[in-house]
**Student:** 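Please see the structure below; I have some questions.
Whatever order the structure lists ligands and atoms in, that order sets their numbers, starting from 1.
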Amino acid sequence: MLRALKGEVLERPPFWFMRQAGRYLPEYREVRKQSKNFLDFCYSPDLTVEATLQPLRRYNMDAAILFSDILVLPDALGQKVEFREGEGPVFKPIRSVADIDSLSADRIEDHLAPVFETVGRLTKEIPKETALIGFAGAPWTVAVYMVEGRGGTDCGRIRKWADDASDEFQKLVNLLVDTTTVYLTRQVESGAEIIQLFDSWAGILNEEQFRRWSIEPTRRIVDRLRESCPGVPVIGFPRHAGPLAERYVIDTGIDGISLDQDTSLEWIAETLQPKCTVQGNLDNQILIEGGEALDRETIGILKALSKGPFIFNLGHGVLPATPPEHVARVAELVLGWPATAKEVG
Ligand code: 1CP
């Protein structure tokens with residue numbers, strides 16, 4: 001992973017899967033029972049260490065990703081999040097400067113101490129050759145949940161606020177840039193070797209908004225991490241950015257870009273790969289389907305991208321309905337590359 005992120009071309013690319021831990025694994029559903037509330041789970045190092053290790057035991061990925069959630073940061077800022085069964089996260093929304101002022105950055109390090117403890121313990125638990133990824137949500141994506149108050153909306157409120165009162169909204173983004181940098185720096189100090197920034201809702205922004213609310217805050221975080229954690233590579237995931245991904249790579253200075261399944265392999269290879277390491281982009285629906293289509297897609301991605309700096313991954317996270325055997329099949333094809341190219345017609 002570390003060599004690939006320095007731009008090395010490896011004969012067998014490294015691989016891991018976004019959301020590789022979680023509900024599709026029976027052993028996760030079993031440990032998950034030990035905590036009624038998902039946030040309590042995230043703040044219990046015994047449980048999060050176990051959840052992080054579960055996919056590695058099955059599939060031998062080249063990286064482990066800290067088990068946590070992007071929404072622990074707003075929780076630490078004092079905007080209490082509740083995870084409701086079948087409904088996802090629910091917040092009392094932030095919609096004014098007074099709401100922003102009610103948040104406080106003072107307690108985040110104490111509040112998130114269990115996360116840092118998880119990272120520290122994982123450095124002793126995972127094999128030396130397996131990289132440990134720390135992560136956070138990018139400011140725009142975290143703000144979507146904070147302002148909308150839940151997931152799955154059309155993002156009408158946040159877009160209106162960002163357009164009509166951009167100075168007010170900028171204040172929230174600034175708070176998130178500052179606190180995300182502190183949060184990630186502490187993860188690295190605790191042992192994280194790579195950072196991934198999830199901008200899962202970047203794709204709803206138009207070009208001008210994308211520059212201001214996705215690229216600019218990400219660039220500021222990357223710049224500061226270069227100072228506080230020199231040498232630690234950063235992967236950005238501006239999901240559904242389309243052709244704006246090129247601007248994102250150039251302007252943010254990230255080391256790697258994670259791409260969704262709608263991005264053309266040819267375009268990735270020609271336009272992005274000469275500029276930075278690329279990660280992606282198997283369709284998570286095909287991972288559910290399995291069979292010949294899964295083999296074909298997996299080999300197609302390996303063929304198209306393994307000639308440049310590349311990390312094999314999905315285009316978005318593993319979905320709960322995914323059969324674990326399908327994940328095992330992809331791992332087998334990647335681990336056996338390039339010999340496996342012949343196996344699949
Ligand atoms: O009861 C449960 O088990 C809760 C389900 C769950 C899990 C397993 C949630 C709630 N979060 C997680 C873990 C998680 N979330 C991880 C670690 C697991 C791993 O990667 O192995 C990571 C990296 C995340 C990141 C995350 N959370 C993102 C960014 C990535 C992405 O998928 O786009 C986002 C948007 C979230 C928000 C979130 N957390 C949980 C849910 C159900 C949601 C989505 C809400 C929605 O918008 O519908």
Side-chain angles (χ1 to χ4, degrees), residues 15-44 47-59 61 63-75 81-91 115 118-119 122 126 132-155 158 180 183-184 187 192 194-204 235-241 258-261 279-280 284 313-322 324 327:
F15 79 107
W16 66 284
F17 297 126
M18 290 192 270
R19 310 286 289 258
Q20 63 193 20
R23 285 173 293 178
Y24 78 105
L25 289 177
E27 60 270 35
Y28 171 79
R29 295 195 297 271
E30 201 49 47
V31 289
R32 179 68 185 77
K33 286 184 192 152
Q34 294 186 39
S35 188
K36 207 165 143 257
N37 172 318
F38 179 64
L39 264 191
D40 292 342
F41 187 94
C42 289
Y43 297 139
S44 307
L47 303 179
T48 47
V49 167
E50 170 58 23
T52 307
L53 297 174
Q54 286 175 345
L56 295 188
R57 291 188 194 118
R58 279 182 183 251
Y59 311 113
M61 282 101 172
I65 180 160
L66 156 73
F67 190 95
S68 182
D69 195 84
I70 63 166
L71 301 177
V72 297
L73 183 65
D75 188 65
V81 54
E82 197 190 321
F83 281 87
R84 292 191 192 149
E85 199 60 47
E87 213 185 321
V90 181
F91 288 104
V115 178
T118 301
V119 175
L122 283 169
I126 63 175
L132 179 56
I133 303 174
F135 74 92
W140 168 255
T141 288
V142 174
V144 164
Y145 291 95
M146 294 176 82
V147 175
E148 295 291 323
R150 59 202 320 124
T153 69
D154 64 1
C155 297
I158 187 170
T180 302
Y183 179 42
L184 291 174
Q187 289 186 32
I194 295 167
I195 292 298
Q196 175 147 326
L197 273 170
F198 287 90
D199 214 348
S200 307
W201 296 106
I204 63 172
I235 304 171
F237 177 47
R239 189 166 73 100
H240 288 157
S258 200
L259 296 149
D260 60 75
Q261 52 255 32
Q279 173 174 281
N284 56 0
N313 205 310
L314 304 180
H316 198 195
V318 181
L319 296 165
T322 307
V327 179

**Student:** Going by distance only, is there an N or O of W201 that falls short of 3.5 Å from an N or O of ligand 1?
**Tutor:**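 For ligand 1, there is no N or O atom that lies under 3.5 Å from one belonging to W201.
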**Student:** What's the shortest heavy-atom distance between P324 and P26, and which atoms?
**Tutor:**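 P324 and P26 have their closest heavy atoms at CG-CD, 4.3 Å.
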**Student:** Please confirm whether S68 comes under 4.0 Å of ligand 1, counting heavy atoms of the residue only.
**Tutor:**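 A heavy atom of S68 does come that close to ligand 1.
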**Student:** Got an N/O contact under 3.5 Å between G88 and ligand 1?
**Tutor:**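 Checking ligand 1 against G88, no N or O pair falls under 3.5 Å apart.
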**Student:** Are F67 and F41 close enough that their ring centres sit under 6.0 Å apart?
**Tutor:**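 Yes, the ring centres sit under 6.0 Å apart.
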**Student:** Could you identify the single nearest non-hydrogen protein atom to atom 15 (N) of ligand 1 and state the distance to 0.1 Å?
**Tutor:**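 Checking every protein heavy atom, the shortest distance to atom 15 (N) of ligand 1 gives D69 OD1, 2.9 Å.
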**Student:** So which atom in S200 and which in R239 form the shortest heavy-atom distance, rounded to 0.1 Å?
**Tutor:**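 Of all heavy-atom pairs spanning S200 and R239, the closest is O-NE, 3.1 Å.
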**Student:** So, 4.0 Å and heavy atoms of G317: is ligand 1 close enough to count as a contact?
**Tutor:**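 Contact check G317 vs ligand 1: negative.
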**Student:** Any idea how H316 and F237 line up, ring-wise: parallel (<30°), tilted (30 to 60°), or perpendicular (>60°)?
**Tutor:**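 Correct class here is tilted.
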**Student:** Relative to the heavy atoms of P89, which atoms of ligand 1 are at a distance of less than 4.0 Å?
**Tutor:**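 Here the atoms of ligand 1 in question are 45 (C).
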**Student:** How about R19 and N284: do any of their side-chain heavy atoms sit closer than 4.5 Å?
**Tutor:**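 They are not in side-chain contact.
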**Student:** Could you report the tightest heavy-atom contact between Y59 and F15, atom names first, then the distance?
**Tutor:**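 Looking at all heavy atoms of both residues, the shortest contact is O-CZ, 3.6 Å.
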**Student:** Can you find an N/O atom of R239 closer than 3.5 Å to an N/O atom of ligand 1?
**Tutor:**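 Such a contact does not occur with ligand 1.
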**Student:** Looking at ligand 1, is there an atom of it that comes within less than 4.0 Å of some heavy atom belonging to H316?
**Tutor:**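 In this structure, H316 qualifies as a contact of ligand 1 - some heavy atom is under 4.0 Å.
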**Student:** Has Y145 got any heavy atom lying under 4.0 angstrom from an atom of ligand 1?
**Tutor:**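 The answer is yes, since Y145 has a heavy atom less than 4.0 Å from ligand 1.
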**Student:** With heavy atoms only and a cut-off of under 4.0 Å, state how P55 meets ligand 1: side chain, backbone, both or neither.
**Tutor:**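 Answer for P55: neither.
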**Student:** V119 and A192: which non-hydrogen atoms are nearest, and at how many Å?
**Tutor:**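 Distance-wise, the nearest heavy atoms are CG1-N, 3.5 Å.
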**Student:** Of all the atoms in ligand 1, which lie at a distance below 4.0 Å from a heavy atom belonging to F83?
**Tutor:**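 Those atoms are 10 (C), 39 (N), 40 (C).
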**Student:** Decide whether an N or O pair under 3.5 Å exists between R32 and ligand 1.
**Tutor:**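 In this structure, R32 places an N or O atom under 3.5 Å from an N or O of ligand 1.
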**Student:** Would you mind listing which atoms of ligand 1 come within a distance below 4.0 Å of any non-hydrogen atom of I65?
**Tutor:**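 Those of ligand 1 that fall under 4.0 Å from I65 are 19 (C), 20 (O), 21 (O).
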**Student:** Aromatic contact between F91 and Y145, with the criterion being ring centroids under 6.0 Å apart: yes or no?
**Tutor:**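 No, ring centres 6.0 Å or more apart.
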**Student:** Could you check if a side-chain atom of L53 sits within less than 4.5 angstrom of a side-chain atom of L122, using non-hydrogen atoms only?
**Tutor:**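 The answer is yes; the side chains approach within 4.5 Å.
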**Student:** Does Y28 have a heavy atom less than 4.0 Å from any atom of ligand 1?
**Tutor:**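 The answer is yes, since Y28 has a heavy atom less than 4.0 Å from ligand 1.
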**Student:** Within a distance under 4.0 Å of any heavy atom of G151, pick out the atoms of ligand 1 and give their elements.
**Tutor:**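 Those of ligand 1 that fall under 4.0 Å from G151 are 46 (C), 47 (O).
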**Student:** Check each atom of ligand 1 against the heavy atoms of R23 and keep those under 4.0 Å away; list them by number with element.
**Tutor:**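 Taking each heavy atom of R23 in turn, ligand 1 has 3 (O), 5 (C) under 4.0 Å.
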**Student:** If you count the non-hydrogen atoms of other residues, nucleotides and ligands that lie under 6.0 Å from CH2 in W16, is the total more than 12?
**Tutor:**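 Buried by this count: over 12 neighbours within 6.0 Å.
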**Student:** What is the closest protein heavy atom to atom 23 (C) of ligand 1, and at what distance does it sit?
**Tutor:**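 Of every protein heavy atom, F135 CZ, 3.5 Å lies nearest to atom 23 (C) of ligand 1.
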**Student:** Which ligand 1 atoms are under 4.0 Å away from a heavy-atom of S200?
**Tutor:**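 Those qualifying, in numeric order: 29 (C), 30 (C), 31 (C), 33 (O).
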**Student:** Tell me: protein heavy atom nearest atom 36 (C) of ligand 1, and distance?
**Tutor:**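 The closest heavy atom on the protein side is I70 CG1, 3.6 Å.
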**Student:** Are the charged groups of E27 and R57 less than 4.0 angstrom apart, N to O?
**Tutor:**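 R57 and E27: not salt-bridged.
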**Student:** Provide, to 0.1 Å, the distance between atom 32 (O) of ligand 1 and the closest protein heavy atom, together with that atom's residue and name.
**Tutor:**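 The closest one turns out to be R19 NH1, 2.8 Å.
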**Student:** Residue-level breakdown please: for F237 versus ligand 1, do any non-hydrogen atoms fall below 4.0 Å on the side chain, on the backbone, on both, or on neither?
**Tutor:**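 Answer for F237: neither.
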**Student:** Would you please test T180 and V142 for side chain to side chain contact (heavy atoms under 4.5 Å, CB included) and show each step?
**Tutor:** CA-CA 10 Å; T180 302; V142 174; 5.9 Å; no
